[in-house]
Structures are given as C-alpha cells and as structure tokens.
Protein chains: 2
Amino acid sequence: MSTSPATYHHGNLHDALVVAGLRALEGQEGKAPSLRELARVVGVSPTAVYRHFPDKQALDAALAQEGLKLLAKEQQTAAAKAGGGSAGFAETGRTYVRFALAHPALFRLMFTQGHPVADSDRPDEARALLTAYTQALASNPERAETLALQAWSIAHGIAMLMLDGRIPTDDALIDRLLNTENLFS
Amino acid sequence: MSTSPATYHHGNLHDALVVAGLRALEGQEGKAPSLRELARVVGVSPTAVYRHFPDKQALDAALAQEGLKLLAKEQQTAAAKAGGGSAGFAETGRTYVRFALAHPALFRLMFTQGHPVADSDRPDEARALLTAYTQALASNPERAETLALQAWSIAHGIAMLMLDGRIPTDDALIDRLLNTENLFS
DNA sequence: CGGTTAAAGTGAACGGTGTAAACATAGAGG
DNA sequence: CCTCTATGTTTACACCGTTCACTTTAACCG
C-alpha cells in the first residue's frame, strides 16, 4: 500500500479505506469489517465509499489482493532464508499455514470472496512462486503442475481445518502434516 | 431427520425448519439462507424460531450436523461398494470432495459455523470413519493419526480450493490430486 | 368435563447491514 | 473568475438477527 497520507481527509479515500480494512481484519477474531464500520473509522459517510468502489465486494477484493501480496512476500523471504531448493519450498508451505493462523480473518477473506482470480489477468505472486518452485523441483511439467496443486491443497487444508477448530493449532503438528514423504507408512 | 409431518403447522417446527434449511442450502449457489427466509418458507413468524433454537447459529449448527451425517452415509456406502481396504479408503476421499462440490453451501456451513465439534461429545460419524480406516491401514497408532489428518487435509484443501474457484472443478483432477503415492516424482 | 398452566406463535420495535437517489461542495482548468 | 466534475453528504429502502410484551393453543389434572 502506498499509505500516502498526503492530503488525506480530502485526498485518497481509496487507500485510507484499504488501510483501515487491513487494520480491522487484524482486530477481533473472525469478524469481517462492515462497509459502514470502515467508513466510520475513516471518518466519512457510508455512501462515500461508493465513489471509490462499486461494491462492498470490490473493497473486499482489494483487501484480499493486498493479503495475497503480503503472503507472497512472507513466503519469498522465508524461502530465501532457507536457501531455496526443496528446503525453501517446504518453508513456503509452513509460511502459508502460519500466515493463515496469524491473520485468520484476512486469510478467509482472501479465498471466501468471489473467485475473480486465476483468470486472464496474471496470477497472484504467491501462485507464481508456487509454480516456479514446483517446476524447478519436478521431473516434468505435468508432474510439476500436479505437485503444485497437491502441495497447495495440503497446506490450504491444514490451514482451513485449523482455522475452523477441527484440528489443534499446534505448531509442531503443522510440520508433521506437511512432511509428506512416504505418506503411507 | 425424522421428517414427521404429524401435526405439522402446529407441531414440530424444529424439524420443519431444518428440512427447509437443507432444501434452501441446495438452492441457489453459495447464499446461506436467512432465519427470516426460513421462517417465511415454513409459514411462521421470524420470532417463532426462537422457541426452538436459541440462536441463528444454533439453527446453522443443526443443519451442519445433518450435513455431516449425510456425508458420512455417502462415504460409508461408497467405501463399502469399493470393497473396503485401501480402495475403500481412497473412495472415502473422493466422496468427500464430490460431496463438497455437490452441496457447496451446506459443505461451507458445516465448517464455517462455530467450532463446537471435536469436543467432549463423541466425534461425528465422518470423522469416526476416517480414524477407523487409518488405524486399520497404518502400521502404528501414531502413524495412523498423522495419516488421518494428512488425508483429511488434502481432501479438504482440494474441496475448498475448488469451491472457491481456485482450481478447476475437474473430476479427473480430483483423482489425480488424491493419488498421493510418490508425491515427489 | 372444565379450568389452569405452560408451551408455542405473534407483532412491533431496535440497531445493524448494503445500496440507491438526489443533493451539496470544493477545487482544478479554461 | 467562473464553470464543471470529482468527491463528498443526507435521506431512504429493504433486508438482517434479536428483544420484548402479548396472545393463542393444547395438554394435563382435579
């Protein structure tokens, strides 16, 4: 986010709303912020929002996109710190789940909201990172795609089940579940 | 569900609401039915609902529980038809994902709503089936638990990503992703 | 059989939501 | 300086979940 406070009150409401939205999503668990609440926080009337977003859903989409950027960044630094390669790839998955647990409401929003992603426009950075790693690690392109989707599914499943309280949010458990070498004993 | 229409209008509103709720969840995509809408369908005032459920959330919980029962039943018959064993276990996973795609709103509700499951009261039938299969297939109990959670995570991840439009809802893709033998080429 | 009582349903109301329509205001450009 | 357009505001509507006070109904029991 540019976070340019420049002229603020009269100025860039758009960014102010996104910032307020991200802040609110970090707040009390689970509850997604309402359009009116965000307008209140920013100090503006509810309908003013519609000058910058056609929908509540559009605002949510902006927040989700911001979340994806944030996730990709965390994954990249974590993978780099692990030295790349298969160790880096593994770190990517751990970071994915940890991100979900650290920002539950934002993570939910990133996937709950309408499915405009994976469309003609370029894929988000997180997904690009995923395909890059799998293509480097797999023997052939088709295996790479399968591996990518499988890895994504496992991480996403763990994240969701933990967020929904179906699985204890144990940090060691994350590692144990992500370690898929010889899945069958 | 007992579905006893017995005295109906004056009679068991409780079950009538659950039935209406399940029907509504099968209706137009994604949208969860509102309490008022369900009351309208059943032909009763909105506040009458509160004689049978303390909360909207309690109604949702009842619907979710019904959904879990339904899923468990489908999994059991599918596994039995496959002859049990590891083939039956695999069928369990496929059925899980297919169920999610066939009843998206219900499936979402089953997990979105508060996390009262996995508590002191006996686990739901679907989960019992999962642990039964994994304990029979794994070499030792700890491996069994890990296997159970991993299998669950993969299936759940696939289901969620497909529901959210992140992954094409291809039937062949489900099988490809669930086939985790030699995950790493 | 009849009367009491508790369960079950009603209506109005409150605060919340997203959104539309008509109106106001400021600030930039000619 | 005046105008026009971008950006706000006010009011209003239809929905939502929930509360409260009230009425009806049916069941139980003397």
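So that the names make sense, note that chain A is the first sequence line, chain B the second, and so on, each numbered from 1. Please read all numbers here as calculations on a predicted model, not as lab measurements.
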- Residues in side-chain contact (heavy atoms from CB on, under 4.5 Å) with A:Ala62, at least two apart? A:Val18, A:Phe53
- Check side-chain contact (heavy atoms from CB on, under 4.5 Å) between A:Ala32 and all other residues, then give those that pass, not counting sequence neighbours. none
- If a pair satisfies ring-ring contact (aromatic ring centres under 6.0 Å, His included) and one of its residues is in residues 15-45 of chain B, list it, with sequence neighbours excluded. none
- Task: Provide the full list of side chain to side chain donor-acceptor pair (under 3.5 Å) pairs with a residue in residues 73-85 of chain B, sequence neighbours left out, each pair given once.
- Result: none
Rounding to a whole Å, what distance do you find between [X]:[atom1] and [N]:[atom2]?
X	N	atom1	atom2	answer
B:Asn12	C:dG9	CG	C1'	15 Å
B:Arg40	C:dT10	CZ	P	14 Å
B:Leu38	D:dC15	CG	C1'	15 Å
A:Lys31	D:dG17	NZ	C1'	11 Å
B:Glu37	D:dA14	CD	P	18 Å

- Query: Got a sec, which pairs hit salt bridge (charged side-chain N to carboxylate O under 4.0 Å, His left out) with one end in residues 149-158 of chain B, sequence neighbours left out?
  - Reply: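 Of all non-adjacent pairs touching residues 149-158 of chain B, none passes salt bridge (charged side-chain N to carboxylate O under 4.0 Å, His left out).
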- B:Ser34 side chain, from C-beta outward: closest of D:dC16, C:dT17, C:dG9: D:dC16
- Is there side-chain contact between A:Asn12 and A:Asp15, with at least one heavy-atom pair below 4.5 Å? yes
Which atom pairs, donor and acceptor, lie under 3.5 Å between side-chain atoms of residues 97-108 of chain B and protein residues at least two apart or in another chain?
{"residue": "B:Arg98", "atom": "NE", "partner": "B:Asp171", "partner atom": "OD1", "Å": "3.3"}
{"residue": "B:Arg98", "atom": "NE", "partner": "B:Asp171", "partner atom": "OD2", "Å": "3.3"}
{"residue": "B:Arg98", "atom": "NH2", "partner": "B:Asp171", "partner atom": "OD2", "Å": "3.0"}
{"residue": "B:His103", "atom": "ND1", "partner": "B:Glu26", "partner atom": "OE1", "Å": "2.9"}
{"residue": "B:His103", "atom": "ND1", "partner": "B:Glu26", "partner atom": "OE2", "Å": "3.3"}
{"residue": "B:Arg108", "atom": "NH2", "partner": "B:Asp164", "partner atom": "OD1", "Å": "2.0"}

What protein N or O atoms touch nucleotides 19-24 of chain C N or O atoms at under 3.5 angstrom, if any, and at what distances?
{"residue": "C:dT19", "atom": "OP1", "partner": "A:Asp55", "partner atom": "OD1", "Å": "3.3"}
{"residue": "C:dT19", "atom": "OP2", "partner": "A:Tyr50", "partner atom": "OH", "Å": "2.8"}
{"residue": "C:dT19", "atom": "OP2", "partner": "A:Lys56", "partner atom": "N", "Å": "2.9"}
{"residue": "C:dT19", "atom": "O5'", "partner": "A:Tyr50", "partner atom": "OH", "Å": "2.9"}
{"residue": "C:dT19", "atom": "O4", "partner": "A:Arg36", "partner atom": "NH1", "Å": "3.4"}

- Task: Please report how far the helix from C:dC1-D:dG30 to C:dG30-D:dC1 bends, comparing the axis fitted to its first five pairs with the axis fitted to its last five, to the nearest 10 degrees.
- Result: 10°
Please list every donor-acceptor pair under 3.5 Å in which a side-chain atom of residues 39-48 of chain B meets a protein atom from a residue at least two apart or in another chain.
{"residue": "B:Ser45", "atom": "OG", "partner": "B:Thr47", "partner atom": "N", "Å": "3.4"}
{"residue": "B:Ser45", "atom": "OG", "partner": "B:Thr47", "partner atom": "OG1", "Å": "3.1"}

- Task: Look at B:His14 and C:dA8 and indicate whether a side-chain polar atom (N or O) is within less than 4.0 Å of OP1 or OP2.
- Result: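 No, outside the criterion.
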